[in-house]
Amino acid sequence: MASTGWLKGRVKAVPSGDSLVIMGSSKAEIPPEKSITLASLMAPRLARRGGVDEPFAWQSREFLRNLCIGKEVTFKVEYTVPSIGREYGTVFLGDKNVSMLVVAAGWAKVREQGQQKDANPYLKPLQDAEEQAKQQGLGRWSRAPGASEASIRNLPPSAIGDASNFDAMGLLEKNKGKLIEVFVEQVRDGSTLRVYLLPDFQFIQVFVAGVQAPTMGRRAQSETIINTITSDEPNGESTTEPRATPTSAQRLASSAASVTEVAPDPYGREAKHFTETRVLNRDVRIVLEGVDKYSNLIGSVYYPDGESAKDLGLELIENGYTKYVDWSANMLEVEAKKKLKNAELEAKKSRLRIWTNYVAPATNSKAIHDQNFTGKVVEVVSGDCLVIADDSLPFGDPSAERRVNLSSIRTPKMGNPRRDEKPAPYAREAKDFLRNRLIGKQVHVSMEYSRKVSMADGPAAPASGADSKVMDFGTVFLASKDGDDASPALSAAGNQLPGMNVAELLVARGFATVVRHRDFEERSNYYDALLSAESRATNGKKGIHSPKEPPVMHVTDLLTASSRKARDFLPFLQRNRRMSAVIEYVLSGHRFKLFIPKETCSIAFSISGVRCPGRGEPYSEEAIALMRRKIMQRDVEIEVETVDRTGTFIGTLWESRSNVAVTLLEAGLARLQTSFGADRIPEVHLLMQAEQAAKRQKLKIWENYVEGEEVASNGGAAERRQKEEVKVTVTEVLGGGKFYVQLVSDQKVTSIQKQLASLNLQEAPVIGAFNPKKGDIVLAQFSADNSWNRAMIVNAPRAAVESSKDKFEVFYVDYGNQEVVSYSQLRPLDASVSSSPGLAQLCSLAHVKVPGLDDDYGQEAAYRLSELLLSGPKEFIAVIEERDTSGGKVKGQGTGTIFLVTLVDPESDVSVNATLLQEGLARMEKRKRWEPKDKQQALDELEKYQTEAREKRLAMWEYGDVESDDEDSAIPARKAAGKR
């Protein structure tokens, strides 16, 4: 009772024969605790690691443990010794004084009290009981010959620590599958126990199989003084008692610990407490299941609960204190493993404890565990990352292609050409090794775990925030072939799996290293096999383990080079006629990135004579998907005919002696284009036959085809439909006839807007915690309406941000406009939102040249274009004539790929191109003789508008003809400069 100092609680642990750890009756997940030393008693001391017990120490502790562990007691603090921070008290078990029971049994002696002799009211009865025990020779007072020596445990060397020579594998082989009796001496965390094997007292550490508890931090204090502890009054009310004041020594120790201590993970303390209340200082049974490479023992732990026994691992995972880990669960029987998996799924559904804020990871798989599937390898992204088309999903399904990172290995990085990063040594070799082995092959995939990783440090580094993403890891198996350097993998049950472990093949060839995981970090189910393969590669000095200089290959990337440089390469590529090449990437249904080994260059290549639907148009994604399945990263043959103004080479492409253009046309995913003359297209008769067959079957783009409709149509809208055509809304107008649009058909517009609207924006970030750099995608507040939009940092302060007023130049990637904002108008953006490409597409009016802002009539032209395009919400039809990639790959104000378009107002069916020509605010580009007939006709129509403006001396024609109409010549300065 609080008024008299008596408290109630349950005994959680018995550290020695004269001390107890008692936890309160609070309903808190971790109730308050007190360590109570029995007043006036002194029991024999148990040995610390490497020491020797005092006689009868173990027996003394066992007596008190068996008497009190897990039972309700009433206790009172009689006195404290501040210098050591210890509380001494009296404990009652029912109506029996525990101290009296211990002394009467002879397991402790009564301490001389000194200044504390009046603090214990039971001192005299205890002294009497001690005297009686001595006379009877009980416990530590035994007079039997050799009893004292026999009571001292013969402790073998501890199996815990780097210096141990403990044979963990030998112990496992001796006791595999057997129930072993152990005594739990310490709980390191919720899933790690330190136990004595009985009766030999071998001290070992056991990890609970199949589960992993949150960590307890580094150098965490073993126990802290508690704030309160409940007590029961006669009327049933609860009160609290304040925490004891820490001593100066405790404060000093606490101060020193606070410098180096790492806080426990969320629910780390709760998981540890859950385990302690069930097994600490208890007799339990374990079944050893396996040993990891560090000689750590993995086992199942069973503790008594009434007449039955409970599985600690299953209890932990059912209550949401631990997560399932596949690599150690594979040591269990199939049924036990299944129970753990199902228990974790239920805990996740119920959002128990560690799963409170659980959200399914942003991954292309429904769930990472048990997601085994078969499919064909579509792409080798790098030596340790594959894209595999799941056979169970239909062709064209966006989720059919699944990105799989190979578990527990790391290959050299491929670098990033955009950042001028070269591939690391053996990166190309690792990727090409997989490409030759896997591309287009059937594989079996066993998904194993997901991990949030830092984009800066790669898959080995856990991370959080906007610069991280979730990656799925698994093991990929390929049908085995003779001569491979790896042995067929075996399942946990010893069954042979369907083929060779691809990760093991890479490691054995010296193209990858094995990741050294931390304790209980998820890893490959075949981790030991990977380590063995790495050892063989190291001993054989293969690949990255070789002392020789790594092979060097210098590749010229003509996609990032200027179009002039591409034209310089044309004679070399035409000279070779048919050449071998590798498809590196599918840019669209008919346009690809190719690597030509003979010339060690990468080029953009477009198939001659066919055009697939453009991005955002119906069937464009299906055309890309078909080409990815058909030719992605395959060895092909090409024949280059010419190069266009953007630096894209045009020609014919064969895969396995089949013309790829025929494949596209047969599938109804492309149109035949003979405007340059059918005689210039190789195998044109095959292409015509393929297109006619698709038309007859009304496949894909021909689903609404009516024979003769195209022949009967003359110009106008019908003529435009033969070209790539999209509906757009204009979002920003620049000078020189350039402007930004959003595709009306792009469903990402609504999706991005919803994502941004759902963001919970906090106060301005703390200066120093968020330092946006040039090229970063962030949230920026648009000054015109204070809305928050995705933006790219164009220019940032050279030094670190020092003030909320520091200025940043930003480009709004979804709208195309640009402005300068302060630091307080920026926020970090989650990777799930920032990773989607910008929605603003840069366009320019085709066939015409509009003066720039610094040229004569440039301001007038820009104003008129804004008037035409931005006067209220309006949709236009953009007929894409060409794509210009000379502006680079990175989007910014006026940079990136440009669509050269004829922009038509659907209400008047008049193009904006023609309107500007008619008003003298634009002029025709220089015409080429080889233009096709239909284009020549369209240009003739435009030239009529220019002639009309010239004759009327409108705008730029007011002083007569422009001196030069060459594309690269500037418009001459206006003679009457003051007339602006």
Side-chain angles (χ1 to χ4, degrees), residues 361-365 368 371 373 375-390 398-419 421-443 445-461 468-478 501-503 505-507 509 511-513 515 524 553 555 557 559 582-587 592-595 602 624-625 627-635 831 835-837 889:
T363 172
N364 56 6
S365 58
I368 199 65
Q371 284 295 300
F373 68 96
K376 285 187 177 179
V377 177
V378 174
E379 180 183 357
V380 177
V381 180
S382 65
D384 50 18
C385 181
L386 308 172
V387 176
I388 302 171
D390 190 339
S399 61
E401 291 188 3
R402 297 175 56 173
R403 183 175 289 248
V404 179
N405 299 279
L406 299 179
S407 299
S408 297
I409 70 165
R410 187 186 296 113
T411 57
K413 294 183 178 180
M414 285 300 300
N416 189 333
R418 294 181 183 177
R419 299 176 186 169
E421 294 175 0
K422 304 295 184 184
Y426 292 101
R428 289 185 185 277
E429 288 75 9
K431 180 178 179 179
D432 211 47
F433 175 78
L434 286 193
R435 185 186 72 81
N436 289 322
R437 287 293 187 94
L438 300 183
I439 205 71
K441 301 290 180 63
Q442 195 82 6
V443 294
V445 185
S446 174
M447 299 305 297
E448 290 163 333
Y449 58 90
S450 289
R451 184 167 297 150
K452 195 171 189 178
V453 299
S454 165
M455 299 307 295
D457 299 325
S468 62
K469 68 175 181 178
V470 174
M471 298 172 69
D472 294 342
F473 292 82
T475 298
V476 177
F477 299 96
L478 173 68
N501 183 341
V502 170
L505 288 175
L506 274 167
V507 173
R509 289 294 178 96
F511 293 140
T513 56
V515 175
S524 168
M553 179 186 292
V555 178
D557 192 345
L559 276 83
V582 178
I583 304 290
E584 287 193 327
Y585 199 77
V586 176
L587 301 169
F592 317 99
K593 179 182 180 181
L594 304 182
F595 172 64
S602 294
I624 292 172
M627 289 296 94
R628 284 177 62 82
R629 297 279 184 103
K630 178 74 176 174
I631 64 172
M632 180 69 177
Q633 293 187 329
R634 307 290 179 94
D635 292 314
S835 59
S836 298
K889 299 293 182 182

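Side chains are part of it too, since the values below use all heavy atoms of this structure and drop only hydrogens, waters and symmetry mates. Quick note: residue numbers are just sequence positions, from 1.
No side-chain donor-acceptor contact under 3.5 Å links S524 to the backbone of S408. At distances below 3.5 Å, not a single donor-acceptor pair connects side-chain atoms of Q633 with backbone N or O atoms of I439. A donor-acceptor distance shorter than 3.5 angstrom exists from the side chain of R634 to the backbone of R629, with no hydrogens or angles considered.
At a threshold of 4.5 Å between non-hydrogen side-chain atoms, the residues R435 and D432 count as touching. In this structure, F373 and M447 have side chains that are in contact, with non-hydrogen atoms separated by less than 4.5 Å. The shortest side-chain heavy-atom distance between V582 and L594 does not fall under the 4.5 Å cut-off. Looking only at side-chain heavy atoms (C-beta outward), V387 and R628 come within less than 4.5 Å of each other. Counting heavy atoms from C-beta outward, M553 and E429 have side chains that stay 4.5 Å or more apart. Taking the side chain as every heavy atom from C-beta outward, V586 and F592 approach each other to under 4.5 Å.
Note that CG of D384 is 11.0 Å distant from CE of M414, once rounded to the nearest 0.5 Å. Atom CD of E401 and atom CG of D390 lie 11.0 Å apart (nearest 0.5 Å). Rounding to the nearest 0.5 Å gives a distance of 8.5 Å between OG of S407 and CZ of R451. Atoms CZ and OG, on F473 and S446 in that order, are 14.5 Å from each other to the nearest 0.5 Å. In this structure, CD in E379 is found 9.5 Å from CG in L386, a value given to the nearest 0.5 Å.
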Give the intermediate values and the outcome of side chain to side chain contact (heavy atoms under 4.5 Å, CB included) for residues F477 and N501. CA-CA 5 Å; F477 299 96; N501 183 341; 4.1 Å; yes

Yes or no on side chain to side chain contact (heavy atoms under 4.5 Å, CB included) for R428 and V555, after CA distance, side-chain angles and deciding distance? CA-CA 11 Å; R428 289 185 185 277; V555 178; 3.4 Å; yes

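Considering every non-hydrogen atom in both P412 and A424, the closest pair reads CB-CB, 3.8 Å. The two residues A512 and T411 have their closest heavy-atom pair at CB-CG2, 3.5 Å. The nearest pair of heavy atoms linking L478 to R437 is CD2-O, 3.8 Å.
Partner I409 forms a side-chain contact (heavy atoms from CB on, under 4.5 Å) with one of V502, L506, V515 and no other, that one being L506. The only member of L434, V377, L406 that meets side-chain contact (heavy atoms from CB on, under 4.5 Å) when paired with V476 is L406.
Within 6.0 Å of CZ in F595 there are more than 12 heavy atoms belonging to other residues, nucleotides or ligands.
Applying the ring pair (Phe, Tyr, Trp, His ring centres under 6.0 Å) criterion to F511, with sequence neighbours excluded, gives F433.
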